[in-house]
K.L.:
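Pasting a structure below so you can have a look.
Per chain, numbering begins at 1; letters A, B, ... match sequence-line order.
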Number of protein chains: 2
Amino acid sequence: MRIGELSRRSGVSVPTIKFYLREGLLPPGVATAANQAEYGEGHVQRLRLIRAMIDAGRLSVARTREVLSALDSGRLAPHDLLGVAHDAVTRPVRSDRDDPAFSAARAEVEALARRRGWFVEPDARAIDQAADAIRTLRALGADDLLGLRDTYADAAQAVADREVAAVVARRDPARMVEAVVAGTVLGETLLNAFRLLAQESASAKILSAPDVENRGPASFREKAKGA
Amino acid sequence: MRIGELSRRSGVSVPTIKFYLREGLLPPGVATAANQAEYGEGHVQRLRLIRAMIDAGRLSVARTREVLSALDSGRLAPHDLLGVAHDAVTRPVRSDRDDPAFSAARAEVEALARRRGWFVEPDARAIDQAADAIRTLRALGADDLLGLRDTYADAAQAVADREVAAVVARRDPARMVEAVVAGTVLGETLLNAFRLLAQESASAKILSAPDVENRGPASFREKAKGA
């Protein structure tokens, strides 16, 4: 197919396709004449993967290129390849490793992972992310909220087991990478948005039980404006 | 106590305390002489609340002032006051309401909330957040990942019920606001960091089962560098 058809099929504009070609994210088509090339089904699929990384996963072009070259090298075992994709969408934490409160929190996260039989490498960024949150809660004297650690870990584990099963069920390495990138980021958004809704609901039910069913149009957002 | 003692007690520097006083976040102490004031226990507590909002909740000074004035007005019922705090830490979504795919995803989220008996107001930002994630997954053709909706909702609900119970158990309105702000943000970090760790672990167990226990020092992060 020509580039115009590739654009229609993939939903990616022609200038953007040309940008991806120039940046080496999309392999060139087969040249058929000066300034004309033929593209195949593989290009449609590659464009979907690039979109998943750049739009859904919010990866930079450089990061996207790194993940694609790990995929294209064909040298990584599936778990290692997915680890590269997973890392690409995981935010690093600026953490002060010399801070004893941070080290203590980090040790606590490692102990929790061990207790649960989680197989995680010691340089996983998520250990730092969790440690940073625990240190901050402790600094605020929020022991009651810290007590929810295992509630979070239980929920996280239930979700992660099904997510990874869905990724692995795709079998094709490129489709698995796509699921890791899109699923890690969008799954986080979905999980947290549902959590916010469930919090609002639980608060309404506990704190304003008598009139929960019949609050009428004066929402707290409107009331707050008049406060 | 004098401002130096207030700084030691709260862990907030004297210049920062003066900044909060100027910005009206912290009420003035009782003037005892020209350029000297006496502060009380209430100031220590208020400083902890301000820190929770600005450091943990990453709120702007303006947003912090809004939440504090809702608290200080004393005019809002607890659920409405917590709603103001909750909204302050919830990111708005730039969503295109005219996009039929977004509207369809939004209707889907509302149906899910109804089915679960969640009491949420129709202008809750988290409805838009969830709808945006669902629309993007659908555009990527990721029906397999969309199928995890109820898994996310189950996990979210289990977590939210305990979080709200912990908030309500604090009883004091200022301490409840503190828990909403810090807990919403840091709880999200903790939940997601644990999810990333559990994903890494599930992937290791499913995809590299034979040598999970004995992988040695060559982690996928090191292998990827050589790929």
Side-chain angles (χ1 to χ4, degrees), chain A residues 52 56 70 73 75-76 78-80 82-84 113 118-121 126 129-130 133 136-137 140 144-145 148 151-153 155-162 164 166 168 182-183 186 188-204 206-208 212 219-220 223-224 227, chain B residues 52 56 70 73 75-76 78-80 82-84 113 118-121 126 129-130 133 136-137 140 144-145 148 151-153 155-162 164 166 168 182-183 186 188-204 206-208 212 219-220 223-224 227:
Chain A
S73 79
R75 280 191 230 147
L76 294 175
H79 174 63
D80 299 323
L82 298 186
V84 170
W118 286 352
F119 181 78
V120 287
E121 294 178 9
Q129 291 178 352
T136 309
L137 284 168
L140 290 171
D144 50 348
L145 304 181
L148 300 175
T151 300
Y152 291 125
Q157 191 167 345
V159 160
D161 284 347
R162 285 175 181 253
V164 173
V168 171
L186 297 172
E188 175 180 1
T189 303
L190 213 47
L191 177 59
N192 191 58
F194 287 159
R195 173 176 162 259
L196 293 172
L197 294 176
Q199 286 171 341
E200 180 172 335
S201 176
S203 168
I206 299 180
L207 292 171
S208 40
V212 141
S219 81
F220 71 77
K223 285 188 218 151
Chain B
S73 77
R75 281 190 227 149
L76 294 174
H79 173 61
D80 298 324
L82 298 186
V84 170
W118 285 353
F119 182 78
V120 287
E121 294 178 9
Q129 291 178 351
T136 310
L137 284 168
L140 290 170
D144 51 347
L145 304 181
L148 300 175
T151 301
Y152 291 125
Q157 189 166 346
V159 160
D161 283 347
R162 283 174 183 255
V164 173
V168 171
L186 298 172
E188 175 180 2
T189 303
L190 212 47
L191 176 59
N192 191 57
F194 288 158
R195 173 175 162 260
L196 293 172
L197 295 175
Q199 286 171 341
E200 179 171 336
S201 175
S203 168
I206 297 179
L207 292 171
S208 41
V212 142
S219 81
F220 71 77
K223 284 187 220 155

K.L.:
By a 4.5 Å heavy-atom criterion (distance strictly below it), what part of V168(A) contacts chain B: side chain, backbone, both, or neither?
P.N.:
side chain
K.L.:
When only pairs under 4.5 Å are counted, which of V159(A), T136(A), N192(A), T189(A) shares the most heavy-atom pairs with chain B?
P.N.:
N192(A)
K.L.:
Looking at chain A, which one of A202(B), P78(B), A126(B), A52(B) has the largest number of heavy-atom pairs inside 4.5 Å, strictly under?
P.N.:
A126(B)
K.L.:
I'd like to know whether D161(A) forms a side chain to side chain contact (heavy atoms under 4.5 Å, CB included) with Q157(A), so could you lay out the CA-CA distance, the side-chain angles of the two residues, the decisive distance to 0.1 Å, and finally the verdict.
P.N.:
CA-CA 6 Å; D161(A) 284 347; Q157(A) 191 167 345; 4.0 Å; yes
K.L.:
Output the distance between atom CZ (R75(A)) and atom CG (D80(A)), rounded to the nearest 0.5 Å.
P.N.:
13.5 Å
K.L.:
Please test Q199(B) against L196(B) for side chain to side chain contact (heavy atoms under 4.5 Å, CB included), starting from the C-alpha separation and ending with a verdict.
P.N.:
CA-CA 5 Å; Q199(B) 286 171 341; L196(B) 293 172; 3.5 Å; yes
K.L.:
So how far is it from L186(B) CG to L148(A) CG, rounded to the nearest 0.5 Å?
P.N.:
12.0 Å
K.L.:
Mind checking the CD-CG spacing from E188(A) to L191(B)? Nearest 0.5 Å is all I need.
P.N.:
8.5 Å
K.L.:
Between A113(A), A158(A), A153(A), which shows the greatest number of heavy-atom pairs under 4.5 Å with chain B?
P.N.:
A153(A)
K.L.:
Can you tell me which portion of L145(B) sits under 4.5 Å from chain A's heavy atoms? Options are side chain, backbone, both or neither.
P.N.:
side chain
